[in-house]
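Report on one structure; see the data block that follows.
Both counts, for ligands and for their atoms, begin at 1 and track the order of listing.
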Amino acid sequence: YQAKQAQDHIRFYTPQMSEQTFKSLVLEKELREAIHNNEFVVYYQPVFEGSGTSIRGAEALVRWQHPERGLLLPGEFIPFAEETGLISRIDKMVLTQVIGDLRRWHAMSINRIIPLSVNISGRHINEKDVTRLTEILNRSALARDYIGLELTETYLMQFAEETVVQLERLKHAGVRLAMDDFGSGYSSLGYLKRFKIDTLKIDQLLVRDIVENPEDRSIAEAIIKMGHSLGLQIVAEGVETLEQLELLKALECDALQGFYFDRALPPDIFEAKYLRRNR
Ligand code: C2E
Ligand code: MG
Ligand code: MG
Ligand code: MG
């Protein structure tokens with residue numbers, strides 16, 4: 001079966017090749033085609049004010065419209081794209097699409113422009129990619145002012161010194177930065193100050209048991225307090241219930257995001273639901 005499939009996709013398949021290697025080769029070939037054909041679509045998940053009453057921004061989340069397998073979530077291809085380095089091109093395509101949506105939404109007569117945030121792989125935090133990112137963002141004042149970048153700490157910590165230098169450059173270029181998934185990995189508060197971050201996003205794993213688990217609640221409370229004392233905005237991710245919302249509100253969390261409010265939506269639906277409504 002594999003051999004037959006292999007004939008369709010890859011010429012140099014040999015029976016000795018492990019199933020894993022085979023799958024990787026197929027995926028890499030498909031990802032390259034996807035980049036070439038721009039099969040990536042950007043969905044938007046609203047981010048709400050800490051009170052939970054009004055929208056204050058949205059996060060752009062990539063999906064792959066695979067020609068045979070349908071709509072794929074990032075978990076199915078981002079880790080692999082990071083391994084192969086293809087992530088650079090995907091992230092730049094996403095950023096370009098988001099800038100297009102931002103322009104369109106700005107041109108529509110809506111009450112106000114909402115800030116959008118884009119996830120960027122830690123692999124971009126090097127001299128060359130930071131230069132490219134700033135060039136893209138600085139093509140218009142609109143993009144520079146209304147698009148922020150989200151980074152996860154895991155990768156950044158490995159190259160801490162270089163990271164500090166590169167994030168400083170982004171900051172100088174006027175780009176807002178958020179630390180994503182905070183509270184689950186290394187979570188060094190010491191680095192936050194050096195990393196010139198504006199926003200901290202509390203990991204959804206920590207938010208999940210925040211109502212039932214007093215330890216998780218204490219950690220969240222400490223993150224919010226310390227974050228505030230460092231002048232950071234705090235966003236809680238993965239808010240699914242009213243109880244979680246109430247608790248985070250009591251802890252004075254600045255912004256909330258999660259299925260309790262809404263999922264990530266295709267641009268047209270996001271637009272109809274959040275940008276066209278008269279508020
Ligand atoms: P993230 O940046 O932490 O994004 C939040 C993820 O949690 C999204 O998953 C979102 O759909 C999901 N989520 C939101 N609210 C809830 C909730 O209440 N409950 C639960 N269980 N989940 C919720 P998604 O879209 O599958 O993205 C997964 C991860 O993939 C993202 O995590 C981000 O790290 C990465 N990613 C997404 N888009 C991009 C991109 O364009 N570039 C890069 N480099 N990474 C991306
Ligand atoms: Mg994110
Ligand atoms: Mg996150
Ligand atoms: Mg995540």
Side-chain angles (χ1 to χ4, degrees), residues 31 34-35 38-48 52 55 57-65 71-101 115-126 129 132-133 136 147-156 176-185 187 197-211 220 223 233-245 248 253 255-267 269-270:
L31 258 185
I35 291 167
N38 196 357
E39 291 167 5
F40 300 101
V41 286
V42 181
Y43 276 39
Y44 293 91
Q45 185 180 32
V47 177
F48 276 70
I55 186 172
E59 176 173 11
L61 295 157
V62 71
R63 273 93 181 92
W64 176 5
Q65 189 62 65
L71 198 68
L72 304 182
L73 291 172
E76 293 186 71
F77 60 93
I78 291 283
F80 185 76
E82 291 199 306
E83 261 174 53
T84 52
L86 291 170
I87 191 69
S88 292
R89 291 161 70 189
I90 297 173
D91 282 352
K92 276 166 207 153
M93 290 175 93
V94 169
L95 188 57
T96 308
Q97 287 192 37
V98 172
I99 292 175
D101 288 331
L116 304 175
S117 63
V118 176
N119 293 280
I120 291 292
S121 165
R123 284 191 63 137
H124 285 282
I125 305 309
N126 57 61
D129 284 316
R132 276 290 289 145
L133 287 173
I136 297 174
I147 294 176
L149 303 180
E150 294 191 8
L151 301 148
T152 41
E153 55 189 334
T154 336
Y155 197 85
L156 300 184
R176 277 180 303 114
L177 300 171
M179 185 69 88
D180 210 343
D181 301 344
F182 194 81
S184 60
S187 299
I197 293 293
D198 308 283
T199 303
L200 258 190
K201 299 192 77 170
I202 304 179
D203 197 302
Q204 56 189 55
L205 280 177
L206 197 56
V207 173
R208 195 183 58 195
D209 300 325
I210 205 170
V211 176
I223 291 174
Q233 289 279 299
I234 316 292
V235 184
E237 294 193 285
V239 179
E240 295 185 354
T241 68
L242 180 63
E243 291 72 26
Q244 290 168 334
L245 182 160
L248 289 157
C253 196
L256 309 167
Q257 178 181 356
F259 295 163
Y260 174 79
F261 300 99
D262 220 331
R263 296 171 178 269
L265 304 165
I269 297 180
F270 177 78

Where on [X] is there a heavy atom closer than 4.0 Å to ligand 1, on the side chain, on the backbone, on both, or on neither?
X    : result
E59  : side chain
D181 : side chain
V62  : both
Q204 : side chain

Legend entry - Greater than 12 external heavy atoms within 6.0 Å of R89's CZ: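 Open.
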Less than 3.5 Å between some nitrogen or oxygen of [X] and one of ligand 1, yes or no?
X    : value
E82  : no
Q257 : no
E240 : yes
A264 : no
F259 : yes
N119 : yes

Can you find a heavy atom in the side chain of [X] that is under 4.5 Å from one in the side chain of [Y]?
X    : Y    : result
T199 : R176 : no
E237 : D180 : yes
D129 : K92  : yes

Any donor-acceptor pair under 3.5 Å from [X] side chain to [Y] backbone:
X    : Y    : answer
R208 : G238 : no
D181 : D203 : no
Q257 : Q45  : no
D91  : S121 : yes

State the [atom1]-[atom2] distance between [X] and [Y], to the nearest 0.5 angstrom.
X    : Y    : atom1 : atom2 : value
Y43  : L61  : OH    : CG    : 11.0 Å
T152 : N119 : OG1   : CG    : 8.0 Å
F77  : I87  : CZ    : CD1   : 7.5 Å

Inset, instruction - Go through the steps to decide whether V118 and V42 satisfy the test side-chain contact (heavy atoms from CB on, under 4.5 Å), and finish with yes or no. - result: CA-CA 10 Å; V118 176; V42 181; over 6 Å; no
Inset, instruction - Test Y44 against D101 for side-chain contact (heavy atoms from CB on, under 4.5 Å), laying out the working first. - result: CA-CA 10 Å; Y44 293 91; D101 288 331; 2.6 Å; yes
Does any N, O or S atom in [X] come within less than 2.8 Å of the Mg ion (ligand 2)?
X    : result
E237 : no
T152 : no
E150 : yes

Inset, instruction - With the Mg ion (ligand 3) at the centre, find the angle made by OD1 from D180 and OD1 from D181, to 10°. - result: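 Rounded to 10°, it measures 90°.
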Inset, instruction - Could you check which N/O/S atom of E59 is closest to the Mg ion (ligand 2)? - result: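 So the atom name we want here is OE2.
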What atoms in ligand 1 come closer than 4.0 Å to a heavy atom of [X]?
X    : result
Q45  : 14 (C), 15 (N)
G258 : 15 (N), 18 (O)
I87  : 44 (N)
D91  : 40 (C), 41 (O), 42 (N), 43 (C), 44 (N)

Legend entry - Nearest candidate to atom 36 (N) of ligand 1, where distance is taken over non-hydrogen atoms, out of S121, P74, P79: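 Minimum heavy-atom distance to atom 36 (N) of ligand 1 goes to P74.
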Inset, instruction - Tell me which one of L256, T241, D180 gets a heavy atom nearest to atom 2 (O) of ligand 1. - result: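 Among L256, T241, D180, the closest heavy atom to atom 2 (O) of ligand 1 belongs to D180.
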Inset, instruction - Could you establish whether G75 and ligand 1 come within less than 4.0 Å of each other, counting only heavy atoms on the residue side? - result: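 Outside the 4.0 Å threshold, so no.
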Inset, instruction - Run the contact test for R208 against ligand 1 with a 4.0 Å cut-off on heavy atoms, strictly below, and give the result. - result: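 It does not, in that no heavy atom of R208 comes within the 4.0 Å cut-off of ligand 1.
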Atom pairs and distances, side-chain donor-acceptor, residues 258-265, under 3.5 Å, sequence neighbours left out:
| from | atom 1 | to | atom 2 | distance (Å) |
| --- | --- | --- | --- | --- |
| D262 | OD2 | K273 | NZ | 2.7 |
| D262 | OD2 | Y274 | OH | 2.6 |

